[in-house]
Amino acid sequence: MLAILQKEFDENHKRGGKPPKLKPEDKLYITLKYLREYRTMDSIAAEYGVCKGTVCLSIQWVEDTLVKDGAFALPEKRALKRKSAIIEYIVVDVTESPIN
């Protein structure tokens with residue numbers, strides 16, 4: 001993951017300019033914290049000393065970059081429906097019966 005992000009980051013910043021506050025490692029870590037720990041963007045922003053918008057843009061950039069690469073792409077909806085076309089039902093009898 002980090003190699004894909006680093007390559008895209010270097011390509012985007014090869015002309016120079018003001019260095020961003022967050023490195024690709026930080027952006028990946030922020031995204032994983034947000035998705036895994038269900039932390040709010042406000043708490044993550046306070047931890048890294050950036051605003052909530054920066055955290056939001058970082059998460060979107062990481063997700064878009066990984067999906068665009070193709071290594072982490074999910075199959076399309078039609079492919080998922082074709083594979084699971086057979087639906088099985090299980091019926092469980094849960095009626096109450098009196099005990100003496």
Side-chain angles (χ1 to χ4, degrees):
M1 289 176 145
L2 186 57
I4 295 167
L5 295 175
Q6 187 66 47
K7 185 176 94 174
E8 183 73 20
F9 182 82
D10 291 341
E11 187 175 311
N12 290 343
H13 294 89
K14 64 183 170 187
R15 292 189 204 137
K18 182 180 175 185
K21 288 186 176 184
L22 298 173
K23 296 182 260 181
E25 302 91 34
D26 296 332
K27 291 182 179 188
L28 177 61
Y29 193 59
I30 284 171
T31 304
L32 293 175
K33 276 185 180 184
Y34 180 74
L35 295 174
R36 179 69 176 140
E37 298 174 4
Y38 302 109
R39 291 185 56 190
T40 62
M41 290 184 191
D42 290 326
S43 68
I44 295 171
E47 181 180 337
Y48 282 89
V50 295
C51 66
K52 180 181 172 183
T54 303
V55 172
C56 182
L57 289 174
S58 297
I59 292 169
Q60 289 175 353
W61 178 79
V62 169
E63 290 174 344
D64 292 343
T65 303
L66 293 177
V67 168
K68 185 174 77 173
D69 183 64
F72 297 97
L74 295 173
E76 62 183 20
K77 195 173 183 178
R78 290 180 186 167
L80 293 174
K81 283 186 176 181
R82 272 188 249 126
K83 290 181 182 178
S84 62
I86 300 172
I87 299 174
E88 295 182 20
Y89 294 97
I90 298 174
V91 179
V92 179
D93 184 15
V94 292
T95 57
E96 293 183 23
S97 53
I99 299 175
N100 292 332

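The model shown is predicted, which means the values in this text are computed figures rather than measured ones.
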S.K.: Measure the CD-CG distance between Glu37 and Leu32 for me, rounded to the nearest 0.5 Å.
M.R.: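 That separation rounds to 9.5 Å.
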S.K.: Do other residues, nucleotides or ligands put more than 12 heavy atoms under 6.0 Å from Tyr29 OH?
M.R.: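 Result for OH/Tyr29: open.
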S.K.: Please name the residue in the list Val62, Thr54, Val55 that meets the side-chain contact (heavy atoms from CB on, under 4.5 Å) test with Ser58.
M.R.: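 It is Thr54; the other options fail the test.
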S.K.: Looking at Gln6 and Pro24, what are the two nearest heavy atoms and their distance?
M.R.: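 Answer, listing the atom of Gln6 first, then Pro24: OE1-CG, 3.4 Å.
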S.K.: Starting from Ile4, can I reach Leu2 by hopping between I/L/V/M/F/W/Y residues whose side chains sit under 4.5 Å apart?
M.R.: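 Same hydrophobic cluster.
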S.K.: Locate the shortest heavy-atom distance separating Arg39 from Tyr34; write the atom from each residue and the value.
M.R.: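 Closest approach of Arg39 to Tyr34: O-CD1, 3.3 Å.
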S.K.: Distance from Met1 atom CE to Thr65 atom OG1, nearest 0.5 Å?
M.R.: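 Rounded to the nearest 0.5 Å, the CE-OG1 separation comes out at 11.5 Å.
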S.K.: Going from CD1 on Ile59 to CE on Met41, what distance comes out if it is rounded to the nearest 0.5 angstrom?
M.R.: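 It comes to 4.0 Å.
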S.K.: Looking at CG of Leu66 and CD of Glu8, how far apart are the two atoms once the value is rounded to the nearest 0.5 Å?
M.R.: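 Spacing of CG (Leu66) from CD (Glu8) equals 10.0 Å.
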S.K.: Could you grab the distance from atom CG of Leu22 to atom CH2 of Trp61, nearest 0.5 Å is fine?
M.R.: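 Those atoms lie 10.5 Å apart.
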S.K.: Working to the nearest 0.5 Å, report the span between CG of Leu5 and CG of Asp10.
M.R.: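 Spacing of CG (Leu5) from CG (Asp10) equals 11.0 Å.
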